[in-house]
Amino acid sequence: MKRKLTIIGLLLVTLWAQAQPRLHQPEIYVGLHGGVLFSLVWFSPQLEGTKSYLDRTLLSGNGGLIFRYNGHKYCGFQVELDYQQKGWRENKTDVEGVDVHYQRRLNYLEMPFLAHIYFGKKKVRGFVNLGPQIGVLLSEQSIGTEHPSKRQQYNPIENKFDWGVAGGLGMLFRSTKVGTFQIEARFNYSLGDFYPNHAADYFSHSNPMSLSANIGYLWELKPKTKIKR
């Protein structure tokens, strides 16, 4: 049900964007962005002994390329090619008195397809980015000590394809001389499980999620022709 509601919401945003009046002169941008990433994984059942979100959150980085096209008033679309280092952390002492200090880093190449909704004046704007994303796991790395019981979360990731949704809030500062600077906070949630979730498997859910804070710089490309109304 959650996945169906997410897809319906994205379709409604797309239909609203298409209904907006077109710009006489479209805005085209290319650029870079990057920053810090706080990630964890929603495991069900929850990992034993990790009651605090801080015990499960992994601090890492992310960055990538941006292409943005604003063809309508108040909205456009944005495509990215990003590198994200997701994962989780276990910092706990279990009921058996075993200390576990473990990290799993998952290196993904992702491509978000986002509706870019903006508001404000030409030089200073707020914006919302919202849409689906797909990704593929490039590599993974384990750091630290595993629990002696060798539970399922220590196995290699089985589903290397990732898909989900992304939503961000930000502000940009636009200058015709030096380019466009922006800041954005974004939440990413995967709708796919990277471990099997059949009845015989230990986890019913294993979904990565992350919160990032990014700084970006974009160049505006001037189109040679104007759109006829």
Side-chain angles (χ1 to χ4, degrees), residues 5-39 59-86 108-135 163-190 209-229:
L5 292 175
T6 300
I7 293 172
I8 292 173
L10 294 176
L11 290 175
L12 291 175
V13 170
T14 302
L15 291 174
W16 175 86
Q18 291 298 321
Q20 302 306 306
R22 302 190 74 179
L23 294 177
H24 184 57
Q25 182 75 49
E27 300 173 0
I28 304 174
Y29 301 88
V30 294
L32 307 166
H33 70 151
V36 295
L37 188 84
F38 302 89
S39 67
L59 175 62
S60 56
N62 75 130
L65 307 174
I66 300 173
F67 174 82
R68 179 183 298 162
Y69 181 89
N70 294 337
H72 293 75
K73 189 176 182 180
Y74 304 124
C75 66
F77 70 86
Q78 180 168 306
V79 180
E80 300 175 6
L81 184 63
D82 296 331
Y83 171 83
Q84 288 201 350
Q85 193 173 64
K86 301 180 182 181
Y108 280 91
L109 184 65
E110 296 190 339
M111 182 173 287
F113 302 88
L114 306 171
H116 177 75
I117 302 168
Y118 60 91
F119 47 89
K121 298 182 178 180
K122 194 169 185 178
K123 292 187 177 181
V124 180
R125 292 176 178 173
F127 64 84
V128 176
N129 289 326
L130 181 65
Q133 65 178 28
I134 58 174
W163 68 286
V165 292
L169 292 173
M171 180 171 289
L172 63 83
F173 308 89
R174 188 167 176 250
S175 171
T176 56
K177 295 182 178 180
V178 297
T180 298
F181 297 89
Q182 70 174 35
I183 55 175
E184 181 186 8
R186 183 181 296 180
F187 179 73
N188 298 70
Y189 180 72
S190 296
M209 63 184 74
S210 62
L211 179 66
S212 61
N214 294 325
I215 299 175
Y217 179 71
L218 297 94
W219 298 267
E220 185 174 2
L221 305 178
K222 296 294 184 180
K224 296 181 179 180
T225 58
K226 296 183 180 180
I227 296 176
K228 295 181 179 181
R229 293 175 179 261

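Quick note: numbers below take in every heavy atom, side chains included, and nothing from hydrogens, waters or symmetry partners.
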| field | Ion pair Glu220/Lys177, N-O distance below 4.0 Å | value | no
| request: Begin from the C-alpha positions of Leu37 and Leu59 and carry the test side-chain contact (heavy atoms from CB on, under 4.5 Å) through to its verdict. | output: CA-CA 6 Å; Leu37 188 84; Leu59 175 62; over 6 Å; no
| query | Out of curiosity, Leu109 CG to Gln84 CD, how far, rounded to the nearest 0.5 Å? | reply | 10.0 Å
| Which atom pair, heavy atoms only, marks the closest approach of Met209 to Tyr189? | CE-CE1, 3.6 Å
| request: Measure across Ala166 and Gln133 and return the closest heavy-atom pair with its distance rounded to 0.1 Å. | output: CB-OE1, 3.5 Å
| query | If you measure from CZ on Arg125 to CG on Leu172, what distance do you get to the nearest 0.5 Å? | reply | 6.5 Å
| query | Is the distance between the ring centroids of His116 and Phe127 under 6.0 Å? | reply | yes
| request: Begin with the C-alpha distance, continue with both residues' side-chain angles, and end with the deciding distance and a verdict on salt bridge (charged side-chain N to carboxylate O under 4.0 Å, His left out) for Lys73 and Glu27. | output: CA-CA 10 Å; Lys73 189 176 182 180; Glu27 300 173 0; over 6 Å; no
| message | Less than 4.0 angstrom from a charged side-chain N to a carboxylate O is my criterion; do Arg68 and Glu80 meet it? | response | no
| request: Verify side-chain contact (heavy atoms from CB on, under 4.5 Å) between Asn62 and Arg186, making sure each step is shown before the conclusion. | output: CA-CA 11 Å; Asn62 75 130; Arg186 183 181 296 180; over 6 Å; no
| query | What heavy-atom pair brings Gly168 and Glu184 nearest, and what distance separates the two atoms? | reply | CA-OE2, 3.6 Å
| Side chain Ser60, main chain Gln85, donor-acceptor under 3.5 Å | yes
| query | Ring centres of Phe77 and Tyr69 under 6.0 Å apart? | reply | yes
| request: Can you label the angle between the Tyr217 ring and the Trp219 ring as parallel, tilted or perpendicular, going by 30° and 60°? | output: perpendicular
| note | Closest heavy-atom pair, Leu130 versus Gly167, reported as atoms and distance to 0.1 Å, is CD1-CA, 4.1 Å
| request: Check Ser39 against Ser210 and note the closest heavy-atom contact, atom names and distance. | output: CB-CB, 3.8 Å
| query | So, the side chain of Asp82 versus the backbone of Met111: is there a donor-acceptor pair under 3.5 Å, distance only? | reply | no
| note | Closest heavy-atom pair, Gly76 versus Asn70, reported as atoms and distance to 0.1 Å, is CA-OD1, 3.7 Å
| Close side-chain approach of Phe113 and Ile134, heavy atoms under 4.5 Å | yes
| Arg174/Tyr29 under side chain to side chain donor-acceptor pair (under 3.5 Å): CA gap, chis, key distance, verdict | CA-CA 11 Å; Arg174 188 167 176 250; Tyr29 301 88; 2.6 Å; yes
| request: Return yes if some donor-acceptor pair links the side-chain N/O of Tyr83 with the main-chain N/O of Gly63 below 3.5 Å, else return no. | output: no
| Do Leu218 and Val30 come within less than 4.5 Å of each other through their side chains, counting heavy atoms only? | no
| Taking the six-membered ring of Tyr108, is the NZ or CZ of Lys86 close enough (under 6.0 Å from the centre) and on axis enough (within 45°)? | yes
| query | Counting heavy atoms not belonging to Ile215, are there more than 12 under 6.0 Å from its CD1? | reply | no
